[in-house]
Number of protein chains: 2
Amino acid sequence: MRYSKEHKLETHARIVQKASVRLREKGAHGIGVADLMKEAGLTHGGFYAHFASREQLLIEAFTYAMDRSTARWRKLAADTPREQRLALIVDHYLSASHRDDPGRGCAVPALGAEVARESTKTRKAFAAKLDAMIDAIASEYVDAPPKVARKQAIAALATMMGGLLMARIAGTGELSDTILDAGREAVLGRAAPVKRLGKQSAARPAKKAAGKSAAKASATPKAKAAL
Amino acid sequence: MRYSKEHKLETHARIVQKASVRLREKGAHGIGVADLMKEAGLTHGGFYAHFASREQLLIEAFTYAMDRSTARWRKLAADTPREQRLALIVDHYLSASHRDDPGRGCAVPALGAEVARESTKTRKAFAAKLDAMIDAIASEYVDAPPKVARKQAIAALATMMGGLLMARIAGTGELSDTILDAGREAVLGRAAPVKRLGKQSAARPAKKAAGKSAAKASATPKAKAAL
DNA sequence: ACCAAGATATGTCCGGGATCATATTATGCC
DNA sequence: GGCATAATATGATCCCGGACATATCTTGGT
């Protein structure tokens, strides 16, 4: 072969990476093939030498973005004492910087709804990565049986993703910050993350943090539904 | 005036309503002006007699969809004993029928991410309705101080919206149903809803951990329309 | 240095969508 | 019934995006 062995692979990877950023920023249909190629320093013509279709790029870019998030969490967990892992992840996830930088953030709040409308093939590829995400978080709920841990992980992720989505809709003002706070508190069960800025409110019923399984014991008649 | 006073108003409203359904189904950019007009039984030409721009229709359609959801919750609450209200709303929200019928469902999981990328004007209009949604749910947390109630409402909504989004990504299989379950349990503090809602996706035993303390039973009657 | 294969660029086709200008149709008042 | 006017339809324009056919450039081996 004339070109260096990895030349095309590198170019391909670069297209995917840059596309994954711009797609998260502008939406699955918010940017065209020509502009995506330009992001990688190329023109639109060579596109079909790399991808069978635009959809194929979408799949690769989505997959890449999801893998990056999951890998980041696993790495963060590996470098952190167990009791702090979940808090660290959640604090990063429900932060203003994540809210304000969708291009480098989780693909689910940014692209999930659009993915749900794409072809089955695309949706399933994405769903598989969502499943991996769930597993990564579930592995933090070590003291619960696998099925319970997965449900807890799902609940935590749902709150995180829904919270980030809501915060982005709200923009950057007070409501948005309150949403981020409320989400963190709900997931972490009012435990104070190491580096909270302010806004640490009164006691709330214990949540479903890494504690025992369901722990519905507290039987709080009213304030229930802490999550 | 030649035409009956409300003729145009009715047409306008019909366009908005039909559009709000199709937009939730196909995304904010997934359907064009011509097809949206066709939905209302018209052709595309008259569009600009009703709306200054496509964006204006989006704003009206989004607003309409959000108002409908909020109004439905308030009505549901008014017709239900206090202890069951939240459970009823959540059970409807995190149901297979809501998941499978985005056109009649909550606009946030369906359109939120796209709205966050629209013009400030559009986003703010949507955010205002999100705020109203939060208030509607917060009014169920009657025994907490207003600020706490709002945070609890935000957390509940985040879990609901994130859960529905995740469930739609997962499709209609077992993972998807597990996500709906996990979300309900998280929001309602592990109480199992008495029965599933109307149309069930795949045949699956809905008998999940129903053992523990029955915090709040939720006798959900049949339901069809979504939230 | 040369050159063939591979990688990228140029240019085009086709379809679709937003917008608007103009034509047609429907309505209710005289 | 006829007419002025409002509501809707027809048709055209302009632009953008995906796909692809073809041309040009780049590179490593000779």
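Chain letters run A, B, ... following the sequence lines, proteins first and then strands; every chain starts at 1.
Between the C1' atom of C:dT19 and the CG atom of B:Leu57 lies a distance of 14 Å, rounded to the nearest Å. Following rounding to the nearest Å, B:Lys26 (NZ) and C:dG16 (C1') show an atom-to-atom distance of 13 Å. Rounded to whole Å, the distance from CG on B:Asp35 to P on C:dG16 is 10 Å. Rounding to whole angstrom units, CD of residue B:Gln56 and P of C:dT19 are separated by 12 Å. The CD-P distance, from B:Glu10 to D:dT8, rounds to 10 Å in whole Å. Straight-line distance from the CG atom of B:Leu9 to the P atom of D:dT8: 11 Å, rounded to whole Å. When the C1' atom of C:dG6 is taken as reference, atom NE2 of A:His50 falls 11 Å away, rounded to whole Å. For B:His12 and D:dT8, the NE2 to C1' distance is 15 Å, given to the nearest whole Å.
Between the side chain of B:Arg168 and the backbone N or O of B:Arg99, at least one donor-acceptor pair lies under 3.5 Å.
Inspection of the A:Gln56 and A:His50 side chains reveals no N or O donor paired with an N or O acceptor under 3.5 Å.
In this structure, A:Lys129 pairs ionically with A:Asp67, as a charged nitrogen and a carboxylate oxygen lie closer than 4.0 Å.
Using a 4.0 Å cut-off on heavy atoms, the residues of residues 40-48 of chain A that approach DNA chain C are A:Leu42, A:Thr43, A:His44, A:Gly45, A:Gly46, listed by number.
Counting only heavy atoms from C-beta outward, the side chains of B:Met160 and B:Val90 approach each other to under 4.5 Å. Between B:Val108 and B:Leu164, every side-chain heavy-atom pair lies at or beyond the 4.5 Å cut-off.
At least one side-chain nitrogen or oxygen of A:Thr11 sits closer than 4.0 Å to the OP1 or OP2 atom of C:dT8.
Below 30°, between 30° and 60°, or above 60°: for A:Tyr93 and A:His98 the angle between ring planes is above 60°, a perpendicular geometry. Using cut-offs of 30° and 60° on the angle between ring planes, the pair A:Phe126 and A:Phe62 is perpendicular.
Comparing the end axes of the helix from C:dA1-D:dT30 to C:dC30-D:dG1, each fitted to five base pairs by superposing C1' atoms of four pairs onto the next four, gives an inter-axis angle of 0° (nearest 10 degrees).
The side chain of A:Val33 lies closest to D:dG18, out of D:dG18, C:dT19, D:dT8.
Around atom CZ of A:Arg117, more than 12 heavy atoms belonging to other residues, nucleotides or ligands sit under 6.0 Å away. Counting non-hydrogen atoms of other residues, nucleotides and ligands closer than 6.0 Å to CZ of A:Arg104 gives a total of 12 or fewer.
Along DNA chain D, the nucleotide closest to A:Gly32 and the one closest to B:Arg14 are compared, and the more 5′ of them pairs with B:Arg14.
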